[in-house]
A.B. asks: 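I have a structure here, written as structure tokens, and I will follow up with some questions on it.
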Amino acid sequence: MIWRERAGRGPAPRGPARAAATALAIALAASGCASSPQSDVYDPWEPFNRTVFGLNELADLMVIEPASIVYGHLPRPIRTGVRNVLNNLREPVTVMNAGLQGKGETAGTALGRFMINTLVGVGGLFDLATEFGYERRVEDFGQTLGHWGVAPGPFLMLPLLGPSTVRDTAGMGVDFLATQPLPPNLGTEGTIAVRAVDGVDMRERLTPLINDVRANSLDRYATFRSAYLQRRAAEIRDGQVTGDDAAYEEIFNEPDPASED
Amino acid sequence: MSRIRRARTERLSRRTLLLAAALLPIGAAHAGAATDARTPAAFIQRVGDQTVAILKRPGVPKPERLEALVDVLDDATDLALVGRLVLGPYWRQASAEQRTDYLQLFRELVVSTMAERLDGYGGETFDIVGERAVDERDTLVATRINRPNAGSGPVAVDWRVRRTDDRFAIIDIIAEGVSMVVTQRSEVGSVVGQKGIDGLIADMRERLHGQS
């Protein structure tokens, strides 16, 4: 399956579906609560999600993993170039969402990165901005909603796109629609193509991790679900690796096992 | 010391980011070496140095390196505690026999995972970047793991270190925000929810023996 590292790309509905997505976002905002403990899992649609997960694993075995193996044989500089172009295409999404979260500096850096890498870095092929000391950060509308206090909502396993939540899926749609008028205007088909390359690239980079989970997890679905939810919570906290999370702390507050052995 | 013996059970090195995992068990421990560190950060520094030192010795036969790593693991972690935290609320429900079986399998799975990782060392190094006390017992030590050969940036890994009467012990690893204990607790909880504790133990046994 494709492990989606950041929400934000991918095809999204138009027309009436767009209105529905907006309504959904508003509904989420209204019901949002302040924090989302990383150790909580809310998965009311688990049977459905597990079915999708099974199909994703099948697609992975048959198509995505083989493609990633072929891709992995390309020389490193080519893969780095592809990754740089993909990253660069995401910068406008980061500019928008950093702005919405009131993170002026992040927005400015992302805008600067986009200009430098597009104009000087040959359409994003070279990440000169990082060389110049402008560190890359990623913001998407799922994170923006989280920043505003919207809870993740039910966990959702998306076909091909992998683990998500209702909030993050809505965020993905908003990012797609909002950036359509902006450069680089890829359109639906272009977005899907980029998404596919992105998925293969990401799958290739995550191969050690995925192999590890396959070899060692007793329940791969539960492992990916938990890791995804924790990772997103960490992204919303912005790199602050460990938040003060009551639910997390509670795990460690049990009495010393020595007394029970 | 029973505490040290009990430390032999956890799967600390599984999943999350490989590196975190690869670094932890490492360390060429001479028993007790980890105990004389004064602060959690110094403790992590020592354990990390020991681990890297073992991983860097490609000439040494694999069984010997694994043995050295297991020594570090026993010295630096409390696998019995971690195993218990991973089982979470189900620990209470488990019978004495189930607990013993579970903890033993837990440890064996950690060691078998470590054995798989032995050859995966890609020149990683680490830096301690900070230390933050959580409460009287626990401290989070923040590190950055540099991967010169991975073609991507460093990974942020936090180590949760518990201080007990006579030693420090690693009880969780948080890689880029993903806690090993939380992830495994979720996984184990899901299995127990479907199959019960005996089912979990059977699955662990199968995983262990199907793996060789």
A.B. asks: Does the side-chain contact (heavy atoms from CB on, under 4.5 Å) test come out yes or no for Ile174(B) and Tyr248(A), once each step is laid out?
C.D. replies: CA-CA 11 Å; Ile174(B) 304 150; Tyr248(A) 174 70; 3.3 Å; yes

A.B. asks: Count the heavy atoms belonging to other residues, nucleotides or ligands that lie under 6.0 Å from CZ of Arg50(A), then report whether that count exceeds 12.
C.D. replies: yes

A.B. asks: Would you indicate whether Tyr71(A), at its atom OH, is surrounded by more than 12 heavy atoms from other residues, nucleotides or ligands within a distance under 6.0 Å?
C.D. replies: yes

A.B. asks: Are the side chains of Arg137(B) and Phe252(A) in contact, using a 4.5 Å heavy-atom criterion?
C.D. replies: no

A.B. asks: Can you find a pair of side-chain heavy atoms, one from Asn253(A) and one from Asp135(B), that are under 4.5 Å apart?
C.D. replies: yes

A.B. asks: What pair of heavy atoms forms the shortest contact from Gln194(B) to Asp219(A), and how long is it?
C.D. replies: NE2-OD2, 3.3 Å

A.B. asks: How far apart are the C-alpha atoms of Val182(B) and Ile251(A), what are their side-chain angles, what is the distance that settles it, and do they pass the side-chain contact (heavy atoms from CB on, under 4.5 Å) test?
C.D. replies: CA-CA 8 Å; Val182(B) 171; Ile251(A) 294 175; 3.8 Å; yes

A.B. asks: To the nearest 0.5 angstrom, please state how far the CE atom of Met180(B) sits from the CD atom of Gln230(A).
C.D. replies: 10.5 Å

A.B. asks: Start with the C-alpha distance between Thr223(A) and Ser186(B), add both sets of side-chain angles, then the distance that settles side-chain contact (heavy atoms from CB on, under 4.5 Å), and finish with yes or no.
C.D. replies: CA-CA 7 Å; Thr223(A) 301; Ser186(B) 184; over 6 Å; no

A.B. asks: Can you establish whether the number of heavy atoms outside Lys62(B) located under 6.0 Å from its atom NZ is more than 12?
C.D. replies: yes

A.B. asks: Any salt bridge linking Glu187(B) with Arg225(A)? Criterion: basic side-chain nitrogen under 4.0 Å from a carboxylate oxygen.
C.D. replies: no

A.B. asks: Near Arg144(B) CZ, under 6.0 Å, is it more than 12 heavy atoms from other residues, nucleotides or ligands?
C.D. replies: no

A.B. asks: Would you confirm whether Arg207(B), through its side chain, and Leu218(A), through its main-chain N or O, come within 3.5 Å as a donor-acceptor pair?
C.D. replies: no

